[in-house]
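Source: prediction; values computed, not measured.
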Amino acid sequence: MKYTKTNLKKLENLCHDLGYKVRYEQGYFQSGYCRVESQKVLVINKFFDVEGRMNCLYDLIPELPMDSSTLSEDSMKNYRNIIDLRAAEPL
């Protein structure tokens, strides 16, 4: 998947479909993102470019609880793409 604003928007929509809100804020988090479980909010460093934001979402999405009944076909396709990309990465 290329690092474009359109693809970033697809990842944000997928997070929304999973029940999480994506926010871009300044913060003191080591890896560039923070997950607030009780509020279902993903906070990503606002100083990241599109590539950095997408990489954070690639790391986070597989860890989020997923209910396939709530996902649209497009979102399910994107979710499977992300899982496949993560599986293909070398350890």
*Asks:* With sequence neighbours excluded, tell me which residues meet side-chain contact (heavy atoms from CB on, under 4.5 Å) with Leu71.
*Replies:* Leu14, Asp17, Leu18, Met66, Ser75, Met76

*Asks:* Give, for atom CZ of Phe48 and atom CG of Leu57, the distance between the pair rounded to the nearest 0.5 Å.
*Replies:* 11.0 Å

*Asks:* Would a distance-only check, ignoring hydrogens and angles, find a side-chain to backbone donor-acceptor pair under 3.5 Å from Arg23 to Lys46?
*Replies:* no

*Asks:* Would you check if Val50 and Asn7 make a side-chain contact, meaning some heavy-atom pair closer than 4.5 Å?
*Replies:* no

*Asks:* Going by salt bridge (charged side-chain N to carboxylate O under 4.0 Å, His left out), name the pairs with one or both residues in residues 62-76, residues two or more places apart or in two chains.
*Replies:* Arg35-Glu63

*Asks:* Which pair of non-hydrogen atoms, one from Pro62 and one from Tyr79, has the smallest distance, and what is that distance?
*Replies:* O-OH, 4.3 Å

*Asks:* Measure the spacing between CD of Glu51 and SG of Cys56 and express it to the nearest 0.5 Å.
*Replies:* 11.0 Å

*Asks:* From Leu64 CG over to Leu42 CG, what is the distance, rounded to the nearest 0.5 angstrom?
*Replies:* 5.5 Å

*Asks:* Quick one: does Val22's side chain get under 4.5 Å of Leu11's, heavy atoms only?
*Replies:* no

*Asks:* Can you tell me how far NZ of Lys21 sits from CD of Gln39, rounded to the nearest 0.5 angstrom?
*Replies:* 10.0 Å

*Asks:* Closest heavy-atom contact between Tyr3 and Met54?
*Replies:* CA-SD, 3.6 Å

*Asks:* Quick check for you: to the nearest 0.5 Å, what is the distance between Tyr58 atom OH and Asn81 atom CG?
*Replies:* 8.0 Å

*Asks:* Just jot down the side-chain contact (heavy atoms from CB on, under 4.5 Å) partners of Asp59, sequence neighbours excluded, or say none.
*Replies:* Tyr33, Arg86

*Asks:* Roughly how far, to the nearest 0.5 Å, is CD of Glu25 from CD1 of Ile44?
*Replies:* 11.0 Å

